[in-house]
Amino acid sequence: MKFANTNEEKSFKDFIDTKNINSGLKLLFYSKNESFNFDSIENVLNKHISVLKNKTTDLSEKKKIRVIYDYIHNLFFDKYSYYAMFPDIFINKTYNCLTASILYAYFLEKLEIPYEARLSNEHVYLLAYPGSFNIVMETTNPLSEISQITEKFKKDYINQLRELKLISQDEFSSLSVNDLFSKYYFQEDNVKFYDLIGSHYLNLSSLYIEKFNYYEAFKSICKSHLISPYYKTIYSIIVVGAEIIQKNQYLKNEDAEILAILSRFTDYGISNEMVYSDFKTITQNQLMEKNDTLMYSASYNSLINSINDTNLKSDISHYYFKSLSLHYLKLSDYENALSSIEKAFYTKSDNVESLMLLSDIFGAYFSKYYENQDNYDEMYERIQKYYLLNNEIKNTKTLGSFRLYYWIYKSNIQLNKLNIAEADKYLSQFEKLLPSKQTSSLSFDIQNIYIKFSMYYYKKYNNKKAKEYISRGLKILPDNYELNRHFKAL
């Protein structure tokens, strides 16, 4: 969640945690880009609260409300405007039914007078002493001015809900756009003070929508939902978020954050398949077309940290690391390519495509660093980790071959040092790991190591031992010309 500044963020968190009405009122002043001294405003309000306490002592409930209503209205309200935000009351006495209701509610809270806030289709008002006197505190009759939301927004909103199957076909066909909009966009319940604060953010989002500033609208809706979560804000999050994504196709940093938020609403038509499909679009547009790995990684992290479904997390992570590996392979960056495909493999070790790609990339990596034998031990350890997850590693051309070649290499080193027992131990390990179907990729190395052992013993006049090693080699490569030639010579 992004805020205008650290002060708004702090106030927002304070209000979420405490539902303190002073924190809520303070929060509303961030809807304007102007700076306000809330402490001085709070002092002014406290003075008026003291005045009203004195004025309403010993009055009947109905007279109390009349005095409070007239006092606040005459002091703070002058001109009604749909576009008014709460701070406008203190700037030029401009108000609307929501902002006026918030101020009335604040006074009633401080004066300890019971009330309910009613949020109807196109209006907000208060009911003082509910259940007994039921005194309506009507701020204005706004019907002529409330219908400021454009017809296009209404239509797009309803169409989006229909696409997500949140509105049935029968309902969609039988009711008008206005009726459906009223039903799904507006809340008609009794609400609390904090719900009014949430509604203020929702009103602010409508102003941003009229200016086609969908990013700011989306942020305001999300803030509204965090304060007062209910179906109206959920539908608005889905509709405005989808509008942004469809328009920008994930070419901006914020777009993936929006998808991350939408992914939480699986009960409202946002399926795992939709999220996974959109991540493929992110991959195409950010990584494959823009080659922007930083943006792509930021998008992945935003999304993966918001998803709770373990299967979806696994699918997206696998696709992300596999795509990165192909990107780095294309750039001949074998280190990052190998590191990425390893992560994809660890995410889904049974995935055949990842296994084959891991083998191919490891082969490219090994070819580049073939001369650097200091890396061989580390390479072998990596392959062993792969093998523990999927023993089909042994049957892959590159990984399986290196796993065998490693022991030939180790044996050869010891043979050069004349550490024959150690060399034979490594050769036995090689023989132990041999699969039933041996490829010809190591034929040259295999023939040479057995011939080398044989020649060592031949020079020691131990023909029996020399012949034994050639025989061991022929068990692996029975048709090998050099091994057969040495065997005949012996």
### Query
Between L287 and D292, is a side chain to side chain contact (heavy atoms under 4.5 Å, CB included) present by the stated rule, with each step listed?
CA-CA 5 Å; L287 182 65; D292 193 335; over 6 Å; no
### Message
Could you go through Y334 and S332, starting from their C-alpha distance and side-chain angles, then the distance that decides it, and tell me whether this counts as side chain to side chain contact (heavy atoms under 4.5 Å, CB included)?
### Response
CA-CA 6 Å; Y334 300 121; S332 299; 3.8 Å; yes
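Side-chain contact between I237 and C222 is present, with at least one heavy-atom pair separated by less than 4.5 Å. Counting heavy atoms from C-beta on, the side chains of L357 and S325 come closer than 4.5 Å. At a threshold of 4.5 Å between non-hydrogen side-chain atoms, the residues F279 and S299 do not count as touching. When side chains are defined from C-beta on, Y320 counts as touching Y296, because their heavy atoms get closer than 4.5 Å. With contacts defined as side-chain heavy-atom distances shorter than 4.5 Å, the pair F86/L98 does not qualify. Side-chain contact check for I21 versus Y194: every heavy-atom pair is 4.5 Å or farther apart. At least one side-chain heavy atom of N412 sits under 4.5 Å from a side-chain heavy atom of I449. When side chains are defined from C-beta on, L434 counts as touching I476, because their heavy atoms get closer than 4.5 Å.
A distance of 7.0 Å separates CG in L338 from CZ in F362, rounded to the nearest 0.5 Å. From S323, atom OG reaches atom CE of M288 across 5.0 Å, with rounding to the nearest 0.5 Å.
The aromatic rings of F265 and Y268 lie perpendicular to each other, with more than 60° between the two planes, well past the 30° mark.
Put simply, the side chain of D424 never gets that close to the backbone of I420: no donor and acceptor are under 3.5 Å apart. Looking only at distances, a side-chain donor or acceptor of D255 sits under 3.5 Å from a matching main-chain atom of K252. One N or O on the side chain of S263 and one on the backbone of A260 form a donor-acceptor pair closer than 3.5 Å.
Remark: E9 CD is packed, more than 12 non-hydrogen atoms of other residues, nucleotides or ligands lying under 6.0 Å away. Counting non-hydrogen atoms of neighbouring residues, nucleotides and ligands closer than 6.0 angstrom, the NZ atom of K19 exceeds 12 such neighbours.
For Y376 and Y406, the ring centers are positioned 6.0 Å apart or more.
We find that E353 and K348 are not joined by a salt bridge, their nearest charged nitrogen and carboxylate oxygen being 4.0 Å or further apart. Taking the charged nitrogens against the carboxylate oxygens, D309 and K313 have no contact shorter than 4.0 Å, which rules out a salt bridge. A salt bridge does not link K475 to E431: none of the charged nitrogens lies less than 4.0 Å from a carboxylate oxygen.
Using modelled atom types and a 3.5 Å distance limit, the side chains of Y300 and S317 yield a donor-acceptor pair.
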